[in-house]
Amino acid sequence: AQKVTQAQTEISVVEKEDVTLDCVYETRDTTYYLFWYKQPPSGELVFLIRRNSFDEQNEISGRYSWNFQKSTSSFNFTITASQVVDSAVYFCALSESYSGGGADGLTFGKGTHLIIQP
Amino acid sequence: GAVVSQHPSWVICKSGTSVKIECRSLDFQATTMFWYRQFPKQSLMLMATSNEGSKATYEQGVEKDKFLINHASLTLSTLTVTSAHPEDSSFYICSASRAGLPYEQYFGPGTRLTVT
């Protein structure tokens, strides 16, 4: 069965510091998708990125970057020059494929509570 | 595009009563909808998957007679919590995906249920 591990329960840094959120996953599928979501106090999930298992290219979007390494089953997320508005809970998630060609629901990690202090 | 709404955004009900939560895809046809539950300071757990016109598939440990899911149209799925108890108090979130793009899941804003 699939599993997502976010070992960091809470991270606290001072504004402008760089911070990396770790995500390790387990799956028996060769085709799967990995996601990162941000959940601010309002509760609404904010989609950050989706990456399929065949695309190991790292991605950068502004201050955000993601490092996908299949060899270590990791999909880490880095925020450069953190800002107070980045404070939230961040979830890594995994979706496997199934024979019907669709996708399963997401399996979420336990989340990392990121606190950016001014 | 790809907006999912939920109604109500929060609800308080008395123990023993039933409450219905709606999940709507506003600008696309959702062939598959998912329901998740999130307890305070915890992760999201998948409860069930529903395909339009079919019975929902429930995850292990989720009581299908307690959490009734209906996906009668391509834009609406409902979750009814029957005979609610305080332990059912939680944040319920739905997501929807459309035909041909199963890996794009769009999440609703969530419904906070409090059972007194």
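Any value given below was found using the heavy atoms of this structure, including those in side chains, with hydrogens, waters and symmetry copies removed. Throughout, protein chains are lettered first and strands after them, A, B, ... in sequence-line order, and every chain is numbered starting at 1.
- Residue-environment remark: NZ (B:Lys20) stays at or below the threshold of 12 foreign heavy atoms within 6.0 Å.
- Atoms NZ and NZ, from B:Lys41 and A:Lys110 in turn, are 15.5 Å apart once rounded to the nearest 0.5 Å.
- Residue A:Lys70 places its NZ atom among more than 12 non-hydrogen atoms of other residues, nucleotides or ligands, all under 6.0 Å distant.
- For A:Thr31, the part sitting under 4.5 Å from any heavy atom of chain B is the side chain, from C-beta outward, and nothing else.
- Linking ILVMFWY side-chain heavy atoms closer than 4.5 Å, directly or via other members, places B:Met47 and B:Leu68 in two distinct hydrophobic clusters.
- Here the CZ-CG distance, from B:Phe34 to A:Leu106, works out to 7.0 Å after rounding to the nearest 0.5 Å.
- Taken to the nearest 0.5 Å, the CZ atom of A:Phe47 stands 7.5 Å off from the CD atom of B:Glu104.
- The shortest non-hydrogen separation linking B:Gln105 to A:Gly105 is NE2-CA, 4.0 Å.
- Residue A:Gln57 qualifies as open at atom CD: its count of foreign heavy atoms under 6.0 Å is 12 or below.
- No more than 12 heavy atoms of other residues, nucleotides or ligands sit less than 6.0 Å from atom NE2 of B:His7.
- In this structure, chain A has no heavy atom under 4.5 Å from any part of B:Tyr106.
- The part of A:Gln39 that comes within reach of chain B is its side chain, from C-beta onward, which places non-hydrogen atoms under 4.5 angstrom from that chain.
- You'll find the side chain of A:Tyr37 reaches within 4.5 Å of the side chain of B:Phe107, heavy atoms only.
- Hydrophobic clustering, with ILVMFWY side chains joined whenever heavy atoms are under 4.5 angstrom apart, groups B:Ile69 together with B:Val11.
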